[in-house]
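Structure first, commentary second.
This structure is a prediction, so every number in the text was calculated from the model and none was measured. When a ligand or atom number is given, it counts from 1 through the structure's own listing order.
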Amino acid sequence: MTSNLQKKLIEKDLIYGSQNYSPLPLVLNKGSGVYLWDVDGNKYLDMMSAYSAVSHGHSHPELVKVLTEQAQTLAITSRAFYTETFSNYIEKLSKISGFPNILAMNTGAEAVETAIKAARRWGYFSKGIKENQAEIIVADGNFHGRTTTIVGFSSEPEYQRGFGPFSKGFVTADYCQSNCECNNICEKSINSIKNLINENTCAVLVEPIQGEGGIVTPKTGWLKQLRDLCTENNVLLILDEIQSGLARTGKLFAYQHENIEPDGLILGKALGGGLLPVSAFLSSKEVMNHFNPGSHGSTFGGNPLAAKVATKALELIYEDNLIENSKEMGAYLKDEIAKLNMPFIKDIRGKGLWLGVEIEKNISAKKICLALMEEGVLAKETHETVIRFAPPLIITKNEIDWAMTKIKKVLTDFS
Ligand SMILES: *Cc1c(COP(=O)(O)O)cnc(C)c1O
């Protein structure tokens, strides 16, 4: 139950804060590894990881160490100068990802905006699309952030209401649903994309798995077909892996489940090691060379502090074995939830440590999350009917076993 101290702090938020979120009634003041503590000292297992920004665990000691050292050495310079940390960071990110060129930003939405600008310039200057005619195909149910341009092509009415007029140049196709009727050929989604492609199309921008959309996981083969379609039509395939990338799905990038390569990749969230906002757009020289001085930028993008933390965050993916652990523990957690055999669970989907548990409409996912919170497990619903489990990727089997006793208890109470 929410204590008086927590109630007082929540009250201040209600008085002084813009109410643009609807948090669970819990006030935190400490985190370490997979655990969080509230202001009264109660301990919780974090199974949502700040929407996958905390894949390395809270306040990872080695990340805190490089953050502190770098803060004492050189933190912010702006990009008016070259810095040692930035040069070394983009070299590392390029080598790990295989993308030749990187543009550094801070938040996810900024990196998506960067991708949109890159795609349009490529469309005009490489593909030869007529001025101001470029189109980008996006998917129904997408989530790419909250700028006015980005919400302009959202399919969520509440993201748009009262924020228009919106940018032109975006058209919406069907996303692939794993439970759709079109066997293995994904014809509904692929055909709808095919129908929208024309001479003005510069890019298709999608998430390989839709996170905020409800961990919507396309059929195997869909991404490969999409890759082929884009190649055949001279259209860039740009993947938003802000949430799915960097080991979350049990591969470094979710697209590696299908052995394809996109033309552009958007990263954020876990790139900052759970300490700082760090994002990036990655692509080829051909696409990136269309940016010239003045065409894009960010005061804080690629700053030494962020660059140092992101470099270490990338190294730790391997040193802490996050890819393997995500794959193994994700499969284990999925099995354990399936074994509960709860009649009101309609679907368990996702890859690695990124699971969406879809429940019947008459049960509220938010109420289940509240009940889990009372038991010391933090999860967050997406939409009304999906419970998201996305713990830090360092979670152990014992910790999952402990969480499962709580999940079982709560779900049993609801059935
Ligand atoms: C979180 C997220 C974003 C937006 O990132 P911000 O850092 O909140 O701007 C964009 N795309 C996807 C897929 C995301 O999950």
Q | Polar proximity ligand 1 side, E207 side, N/O cut 3.5 Å exclusive | A | no
Q: Answer yes or no: is there a side-chain heavy-atom contact under 4.5 Å between D13 and Q19?
A: yes
(Q) Using modelled atom types and a 3.5 Å cut-off, is there a donor and acceptor pairing between side-chain atoms of T231 and backbone atoms of R227? (A) yes
Q: Classify the contact between R146 and ligand 1 as side chain, backbone, both or neither, using a heavy-atom distance cut-off of under 4.0 Å.
A: neither
Q. Is H144 touching ligand 1 with its side chain, its backbone, both, or neither, if touching means heavy atoms under 4.0 Å apart?
A. backbone
Q: If you have a sec, work out which protein heavy atom is nearest atom 11 (N) of ligand 1 and how many Å separate them, to one decimal?
A: D240 OD2, 2.6 Å
Q) Is the shortest distance from a heavy atom of F143 to ligand 1 less than 4.0 Å? A) yes
Q | Distance-only side-chain donor-acceptor flag, K219 / S189, under 3.5 Å | A | no
Q: For the pair S55 (side chain) and L393 (backbone), establish whether a donor and an acceptor sit closer than 3.5 Å, ignoring hydrogens and angles.
A: no
Q: Name the closest protein heavy atom to atom 9 (O) of ligand 1, giving the residue it belongs to and the distance to 0.1 Å.
A: A109 N, 2.8 Å
**Q.** Any side-chain donor near an acceptor of the partner, S298 and N106, under 3.5 Å
**A.** yes
Q. Among all protein non-hydrogen atoms, which one is nearest to atom 5 (O) of ligand 1, and what is the separation to 0.1 Å?
A. G108 CA, 3.3 Å
**Q.** V27 backbone acceptor or donor facing Q6 side chain under 3.5 Å
**A.** yes
Q.
If you scan the protein for heavy atoms around atom 15 (O) of ligand 1, do you find one that is closer than 4.0 Å?
A. yes
(Q) Please check whether K269 reaches ligand 1 - meaning an N/O of the residue sits under 3.5 Å from an N/O of the ligand, judged on distance alone. (A) yes
**Q.** R349 side chain vs I215 backbone, donor-acceptor pair below 3.5 Å
**A.** yes
